Student: 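This is the structure I have questions about; it appears just below.
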2 protein chains.
Amino acid sequence: MAVDIPDVVVRRLPTYLRALRQLADDNVDFVSSHQLGERLHVTPAQIRKDLSYFGRFGKQGRGYNVQLLITDLDQILGLDREWETILVGVGRLGRAIIGYPGFSPEGFNLSAAFDSDSEVVGQEISGTLVRHTSDIPLFTQNNRVDIAILAVPARAAQLVADDLIRNGVHSFLSYAPIPLEVPRGVYVRSLDPILAMEEMTFYLRDSERGGWK
Amino acid sequence: MAVDIPDVVVRRLPTYLRALRQLADDNVDFVSSHQLGERLHVTPAQIRKDLSYFGRFGKQGRGYNVQLLITDLDQILGLDREWETILVGVGRLGRAIIGYPGFSPEGFNLSAAFDSDSEVVGQEISGTLVRHTSDIPLFTQNNRVDIAILAVPARAAQLVADDLIRNGVHSFLSYAPIPLEVPRGVYVRSLDPILAMEEMTFYLRDSERGGWK
DNA sequence: GAGTGTGAATTTCTTCACAGCT
DNA sequence: AGCTGTGAAGAAATTCACACTC
């Protein structure tokens with residue numbers, strides 16, 4: 001049972017995994033924390049320390065076996081299984097998400113899409129049938145839902161999330177530009193372009209042409 | 001000249017600003033760090049400390065004047081002006097971004113969109129003409145570009161970024177699921193759904209039904 | 001010889017606690 | 001009386017540095 005892993009560590013693991021997969025594609029067998037760190041702009045010590053929370057994966061003098069470490073990280077991150085996801089909100093962004101080919105290779109299966117607009121309900125988009133949001137309770141009763149992806153307008157996001165939580169969903173990837181208010185034990189990750197942009201403008205603010213760091 | 005502001009602080013400011021705007025909409029005149037912190041699940045001390053990096057905005061015994069603090073944060077974050085942005089990649093995601101109504105109220109003006117697919121070049125989407133990526137040099141010569149939003153496939157992202165950097169763009173919001181390799185002085189913020197999902201599955205991994213925190 | 005794993009040192013970030021202003 | 005702003009304390013994260021293993 002994972003006990004006391006700092007959040008920042010968990011946040012870095014997927015990036016390590018991605019770099020390792022790339023190395024594997026390039027038929028690299030072993031990689032040192034130094035080499036990996038160079039690729040990712042992370043110090044070698046950080047990589048070693050991060051991994052040490054989970055076990056001992058390296059070989060002294062050699063580094064890490066790429067394939068083995070991929071397998072281990074897959075298991076640590078829970079990527080050695082399928083995750084059932086649903087999408088709520090089938091507007092322009094929702095459609096882009098449905099059609100996004102990146103989820104399925106990682107084990108994320110989009111099992112259903114929901115919208116409240118009767119215009120779009122009943123349509124099949126990129127192979128997924130769009131259901132009415134009022135069908136959510138029935139669907140969650142009969143189907144496993146591990147993660148809900150929210151692509152609804154800001155004003156609807158909280159209500160939709162509340163509804164999903166009531167129906168047993170406790171993990172969200174939200175594209176809505178508002179902070180969702182959720183009870184303890186519900187996990188939310190937010191992808192908010194506005195927050196990201198506003199953070200950038202701070203650094204851009206008084207730097208016409210480079211060199212503000 | 002802003003000197004030594006921790007990154008984490010800058011990352012929180014936009015969330016404060018957002019909450020303050022909401023309070024302003026509700027005609028709240030003054031807010032204490034305690035009240036604001038409660039809304040955002042942040043400790044009052046953190047808010048006070050964060051703001052103290054930039055000046056003294058509060059009134060003892062009263063808290064912060066909401067309107068005034070909004071104005072100050074707007075200025076601190078550089079949101080008291082227009083920012084010229086361009087979009088590269090007009091696929092499904094790119095179209096969603098072009099149509100997203102959230103950017104313009106924050107002062108982000110999408111001045112052009114680019115794609116390499118001749119099918120879409122020349123089309124006007126949500127009022128923005130799509131140009132060919134080969135027009136980027138000419139465009140950047142004649143127009144200010146503060147931030148480029150990348151919505152291109154992973155395999156194209158690095159090349160597109162390199163090209164833009166050569167043409168003087170040094171700030172990116174990237175939706176591509178790869179870590180962009182950029183020279184010093186170029187700022188990249190990445191919105192990567194896969195990384196976010198993989199972080200979540202770690203916490204979900206061995207918790208069927210809540211309580212893993 | 002090369003590179004891990006890890007306590008210890010260091011740096012960074014957060015919280016405390018209170019003097020001082022309104 | 002109430003709440004800010006901030007040094008100082010405390011906690012967390014990162015980096016160092018080296019004993020140890022392959």
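Fair warning: this is a prediction, and the values are worked out from it, not measured in the lab. Chain naming here is simple, since letters A, B, ... match the order of the sequence lines and numbering starts at 1 in each.
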Student: Salt bridge check: are Asp74(B) and Arg81(B) linked by an N-O gap of less than 4.0 Å?
Tutor: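 No, this pair does not count.
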Student: Report yes if at least one side-chain N or O of Arg48(B) is closer than 4.0 Å to OP1 or OP2 of dT4(D); otherwise report no.
Tutor: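 So the side chain of Arg48(B) is within the cut-off, an N or O lying under 4.0 Å from OP1 or OP2 of dT4(D).
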Student: Is there a side-chain polar atom (N or O) of Arg56(A) under 4.0 Å from OP1 or OP2 of dT6(C)?
Tutor: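 True: Arg56(A) side-chain N/O within range (under 4.0 Å) of dT6(C) OP1/OP2.
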Student: Between Asp50(A) and Arg48(A) (salt bridge meaning N to carboxylate O under 4.0 Å), is one present in this structure?
Tutor: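 No, Asp50(A) and Arg48(A) are not salt-bridged.
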Student: Is any side-chain heavy atom of Leu73(B) less than 4.5 Å from a side-chain heavy atom of Phe57(B)?
Tutor: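 Result no, sub-4.5 Å side-chain heavy-atom pair not found.
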Student: Using a cut-off of less than 4.0 Å, is there contact between a side-chain N or O of Ser33(A) and OP1 or OP2 of dT4(C)?
Tutor: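 Answer yes for this pair, as a side-chain N or O of Ser33(A) is under 4.0 Å from OP1 or OP2.
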Student: Could you check how far CD of Gln46(B) sits from P of dA12(D), rounded to whole Å?
Tutor: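 Taking atom P of dA12(D) as the reference, CD of Gln46(B) is at 13 Å.
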Student: If you check every side-chain atom of Arg12(B), which of dT14(C), dC16(D), dG5(C) has the closest atom?
Tutor: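 Taking heavy atoms from C-beta onward, the closest nucleotide is dT14(C).
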Student: Less than 4.0 Å between a side-chain N and a carboxylate O, is that true for Asp26(B) and Arg21(B)?
Tutor: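 Not counted as a salt bridge, because no side-chain N and carboxylate O are separated by less than 4.0 Å.
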Student: Output the single nucleotide from dT4(D), dT6(D), dG5(C) whose closest atom is nearest the side chain of Gln60(B).
Tutor: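 Closest of the options to the side chain of Gln60(B): dT4(D).
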Student: Let me know the distance between CG of Asp50(B) and C1' of dC13(C), rounded to the nearest Å.
Tutor: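 These atoms are roughly 10 Å apart.
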Student: Using only side-chain N and O atoms of Tyr64(B), determine if any of them is under 4.0 Å from OP1 or OP2 of dG5(D).
Tutor: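 Checking Tyr64(B) against dG5(D): at least one side-chain N or O falls below 4.0 Å of OP1 or OP2.
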Student: May I ask you to verify if any side-chain N or O of Thr43(A) is less than 4.0 angstrom from the OP1 or OP2 atom of dT15(D)?
Tutor: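 Yes, such a contact exists.
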Student: Using the side-chain heavy atoms of Val8(A), tell me which of these nucleotides is nearest: dT15(D), dA13(D), dA8(D).
Tutor: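 Out of dT15(D), dA13(D), dA8(D), the nucleotide with an atom closest to Val8(A)'s side chain is dA13(D).
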Student: Picking from dT4(C), dC3(D), dG5(D), which would you name as closest to the side chain of Ser32(B)?
Tutor: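 Output: dC3(D).
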